Amino acid sequence: MATTQKTASPKKSSGFHGIRNAFWVIVVCFVAAVLIFKYLLGDPANFVNNDPSGAVLNGNLLGTIYKGGMVVPVIHTLLLTVICLSVERWLALRTAFGKGSLTKFVANIKGLVKEQKWEEAQKACDKMGGSVANVVSASLHAYKEQDSTTANIKVSQKVSKIQQAHEEATQLEMPTLQMNLPIIATIVTLGTLTGLLGTVTGMIRSFAALAAGGGGDSLALSEGISEALINTAFGIATSWVAVVSYNFFTNKIDKLTYALDEVGYTIAQTFEANHADA
């Protein structure tokens, strides 16, 4: 009576796999943004008579940013969060891609599979490490399992089981690859909207101050508009960084996914070709 072997789950590669609770990253970035707002941007040396509540020294950018109001640390929190999560994703994907060239690894594995050099293929996976190597190892294990089974099963069913093992291993790896990317994607829109919010509130304060003064002081108005537009500039910069980061890492993940599909297809087709007459 044939015994049923359990498909091995892909082993986790050593290295950095990402931060699972990004909430604390946001909290730390918020604290850092508040400290920057209070002690760097709000440094008395940036203002006339060392008074942060007064006028900004002529041409002092830090003081002008400070006058943007409490929206400034919020935007800076978003910007710092994007930067921190981009570094986190880069380190995580560096582990996921393994220790060598992904293109060379895929080509090598495809050649070894077609030549049925299973031991060499497994050694190549162990040497490479990373998500692709883990999934390929699971697929190779499924190939050997179906190849050695004595049960009366059609070849198409065995191929289906190999493909299923490959897909299950891929699904186990994907959450690690895509972790925290939704946060970056959200900041793409949130950065611009927060910047516009800061601009609108700044303009409201500027016109309210002019109305209270009872005059049309163009200098005061221009200064108010300058302070308000600072928020727009930082909001757009935050969204720009977030867009670049999100697209960069999405393309990296797509490249890895294509490599997984290519190797998985090769393994399944090789099994079907070798057992066509079974």
Side-chain angles (χ1 to χ4, degrees), residues 19 22-90 180-249:
I19 299 174
F23 170 77
W24 295 110
V25 174
I26 298 174
V27 170
V28 171
C29 290
F30 175 73
V31 172
V34 171
L35 293 176
I36 291 172
F37 178 76
K38 184 175 181 179
Y39 295 107
L40 178 61
L41 303 180
D43 187 345
N46 299 327
F47 305 92
V48 177
N49 298 326
N50 293 326
D51 182 12
S53 63
V56 178
L57 285 176
N58 186 29
N60 190 289
L61 179 60
L62 297 180
T64 303
I65 297 173
Y66 178 82
K67 287 296 183 177
M70 291 307 299
V71 177
V72 172
V74 177
I75 298 176
H76 287 183
T77 298
L78 297 177
L79 179 58
L80 291 174
T81 300
V82 170
I83 294 173
C84 291
L85 292 183
S86 296
V87 173
E88 180 264 352
R89 284 294 82 205
W90 183 79
N180 297 327
L181 281 182
I183 297 177
I184 297 178
T186 302
I187 294 177
V188 169
T189 303
L190 202 57
T192 301
L193 292 179
T194 307
L196 290 175
L197 174 63
T199 299
V200 171
T201 56
M203 294 293 290
I204 291 173
R205 288 199 310 270
S206 297
F207 284 107
L210 286 176
D217 189 344
S218 60
L219 178 60
L221 180 60
S222 63
E223 288 178 350
I225 294 175
S226 175
E227 294 165 4
L229 291 179
I230 284 291
N231 290 323
T232 302
F234 270 102
I236 293 175
T238 299
S239 295
W240 186 87
V241 174
V243 167
V244 172
S245 175
Y246 181 79
N247 288 334
F248 174 78
F249 292 116

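Nothing here was measured: the structure is a model prediction, and the numbers come from that model.
With sequence neighbours excluded, no residue forms a side chain to side chain donor-acceptor pair (under 3.5 Å) with Asn49. For Leu57, the side chain to side chain contact (heavy atoms under 4.5 Å, CB included) criterion is met by Val48, Asn60, not counting sequence neighbours.
The environment of CG in Asp51 is crowded: more than 12 heavy-atom neighbours from other residues, nucleotides or ligands sit within 6.0 Å. Heavy-atom contacts from other residues, nucleotides or ligands closer than 6.0 Å to OH of Tyr246 number 12 or fewer.
Between the CG atom of Leu41 and the CZ atom of Phe47 there is a distance of 8.0 Å, given to the nearest 0.5 Å. In this structure, CD1 in Ile75 is found 12.0 Å from CG in Leu80, a value given to the nearest 0.5 Å. To the nearest 0.5 Å, the span separating CZ on Phe30 from CG on Leu35 amounts to 10.0 Å. If you take CD1 on Ile65 and NE2 on His76, they are separated by 5.5 Å, rounding to the nearest 0.5 Å. Taking NZ of Lys67 as the start and OG of Ser53 as the end, the distance is 6.0 Å to the nearest 0.5 Å. With values rounded to the nearest 0.5 angstrom, Ser239 atom OG is found 13.0 Å from Phe234 atom CZ.
In this structure the side chain of Ile187 reaches within 4.5 angstrom of the side chain of Thr81, judged on heavy atoms. Between Leu197 and Leu193 there is no side-chain heavy-atom pair separated by less than 4.5 Å. When side chains are defined from C-beta on, Leu190 does not count as touching Thr238, because their heavy atoms never get closer than 4.5 Å. In this structure, Glu88 and Asn180 have side chains that are in contact, with non-hydrogen atoms separated by less than 4.5 Å. Side-chain contact check for Ser86 versus Phe249: some heavy-atom pair is nearer than 4.5 Å.
Remark: the backbone N or O of Gly198 is paired with a side-chain donor or acceptor of Thr201 at under 3.5 angstrom. Thr199 contributes a side-chain N or O that, together with a main-chain N or O of Ala228, makes up a donor-acceptor pair within less than 3.5 Å.
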For Asn46 and Tyr66, what are the C-alpha separation, side-chain angles and deciding distance, and is it a side chain to side chain contact (heavy atoms under 4.5 Å, CB included)? CA-CA 9 Å; Asn46 299 327; Tyr66 178 82; over 6 Å; no
Test Leu62 against Asp43 for side chain to side chain contact (heavy atoms under 4.5 Å, CB included), laying out the working first. CA-CA 9 Å; Leu62 297 180; Asp43 187 345; over 6 Å; no
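Contact between Ala242 and Ile184 at its shortest, heavy atoms only, is O-CG2, 3.5 Å.
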